[in-house]
Amino acid sequence: MKITDITFGMLRVPLKTPFKTALRTVDTVEDIVVIVHTDTGHVGYGEAPATAVITGDTHGSIVEAIGKFIRPRLIGQEIANLNHITDLVQTALERNTSAKAAVEIAVYDLWAQLYDAPLYKMLGGGDPVITTDITISVDYIDKMVADSISAVERGFESLKIKVGKDIGLDIERVKAIYSAVEGRALLRLDANQGWTAKQAVFAMQHLEDAGVVLELLEQPVKARDLDGLKYVTDRVHTPVMADESVFGPTEVIDLIKMRAADIINIKLMKTGGISNAIRIADIASLYGVECMIGCMIETSISVAAAVHVAAAKANVITKVDLDGPSLGQFNPVEGGVIFNESEITITEAPGLGIREIRGLEMLPG
Ligand code: MG
């Protein structure tokens, strides 16, 4: 099975409610779909969103990075030589992690199809059913409480609460949600870089003293402020998770050695795909550090890939934040991973099992 071409499409799915964090507001999924073609007629699918404020990737940069730098290296490559292909992808150009991720996802899809097995089995196997949390966007307190109650009623047992806008209001938001769902759902707090280190310590100590139990605090400070992240980690009881502060495996090693955070949030769009996500999981596992697996605003193509990684690395990926597909007004993908609210199930279909992508507009490039 040899790669013959890589083509692109645009996939648009309106969200049920706008996704609001301290960094941005998004109301529609608009993702580049990457299609890797082979001489056997097998097709692999990958996907990447534009997240300019996090990875720096835009739709234009994703298509250009793949079309001009990655595709020329991959044409003619044998899918069976997976490690060689992932090296070619990772060394094609600096950064551009979302572009690399989209290509790797499609290549891993084909690699598992080559051996007629679902991807998670090729990655070592595991339980094909995992449970995700859901994001509660930052908003007025009453709206956040109502969204939280509604999520619990839909069966979600973990809520990812977005904060990081205004420290005083954030504390009130968390207290109100906690008292509304106490005992029915675990709360994960994501400040998306919105606080200073001192504000984060103040907020967490206030919440801890008030008896609010949180499962974790995610990325309280600016991405580059590792000293600030460590300052918070050293001073609060609640486990602190790094998200925007760590992209690849070497950054994870530095972060763990600094003891700057307790948990690592792995996202394929930050790692540059599956090969480095696996490396990070294995590094964290060696150090006894737990991981979450998360996603950007993505549909069930790239999120399916994350699900396969989560199932295969469940020993260390103990927390799942893969609610991308459930945020959309409809699921455009007919495929091998079934997203049913909090429960995600992998079928026995080979690869990622994607049979059809509805509404895909093909792009030049
Ligand atoms: Mg986050």
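We use all heavy atoms of the structure for the numbers below, so side chains are in, but hydrogens, waters and symmetry mates are not. Atoms within a ligand are numbered from 1 in the order they appear, just like the ligands themselves. We're numbering straight along the sequence, starting at 1.
Nearest heavy atoms, Ile317 versus Met292: CG2-C, 4.2 Å.
Remark: Asp321 pairs with Lys160 by the salt bridge (charged side-chain N to carboxylate O under 4.0 Å, His left out) rule, at least two apart or across chains. With sequence neighbours excluded, no residue forms a side chain to side chain donor-acceptor pair (under 3.5 Å) with Thr131.
The hydrophobic cluster of Tyr140 has no other members, since no ILVMFWY side-chain heavy atom comes under 4.5 Å of it.
In the displayed structure, Glu157 atom CD is contacted under 6.0 Å by at most 12 heavy atoms of other residues, nucleotides or ligands.
Protein N/O/S atoms closer than 2.8 Å to the Mg ion (ligand 1): Asp190 OD2, Glu218 OE2, Asp243 OD2.
Under the 6.0 Å distance and 45° angle rule, Arg235 counts as a cation-pi partner of Tyr231.
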